[in-house]
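Take a look at the structure set out below.
Numbering starts at 1 and runs along the sequence shown.
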Amino acid sequence: ARYPMEWDSSRWDERFHALYRGAAWLKRSDPALHSGAFRILAVGKEQMVAARLLPSAGRGTVLVLNKARSEEAVTFHLPSSLLGGRDGGA
């Protein structure tokens, strides 16, 4: 869900603001993140694993998002086709 921008900086949650600033910097610095294809790899109750792929440049980025209150291990299948191989399936 999206929330309206809080324009009064004195009311900002500084941790959340730092997270968004870091995510914006990362998106600008990685071509796959701003112009690659999006693919969801796994979805759990508190986690999601997705990839942004830019095959023409041979690049991709895997994103692991965790909204749990603690660190948790996440297991997911990374299709070899994302790495330039073949999965052997359809």
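Taken from CZ in R59 to CG in L53, the straight-line distance is 11.5 Å, to the nearest 0.5 Å. Annotation: the span from W12 atom CH2 to W7 atom CH2 amounts to 8.0 Å, rounded to 0.5 Å. For the atom pair OG1 (T75) and CD (Q47), the distance works out to 10.0 Å, reported to the nearest 0.5 Å. Atom CZ of R52 sits about 14.0 Å away from atom CZ of R39, to the nearest 0.5 Å. One distance of note links CD of E72 with NZ of K67; it measures 12.0 Å at 0.5 Å rounding. Taking CG of L63 as the reference point, atom CG of L33 lies at 6.0 Å (rounded to 0.5 Å).
In this structure, L65 is a member of the same hydrophobic cluster as I40, with clusters built from ILVMFWY side-chain heavy atoms closer than 4.5 Å. V64 and L19 sit in two unconnected hydrophobic clusters of ILVMFWY residues. Membership requires side-chain heavy atoms under 4.5 Å apart, directly or through other members.
Atom CZ of F38 sits in a crowded spot, with more than 12 heavy atoms from other residues, nucleotides or ligands closer than 6.0 Å. Within a 6.0 Å radius of CD in E14, more than 12 heavy atoms belonging to other residues, nucleotides or ligands are found.
Not one N or O on the side chain of S35 forms a donor-acceptor pair closer than 3.5 Å with the backbone of A32.
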**Study point:** N66 vs V74, side chain to side chain contact (heavy atoms under 4.5 Å, CB included): CA-CA, chis, key distance, verdict
**Key:** CA-CA 9 Å; N66 178 21; V74 176; 5.9 Å; no

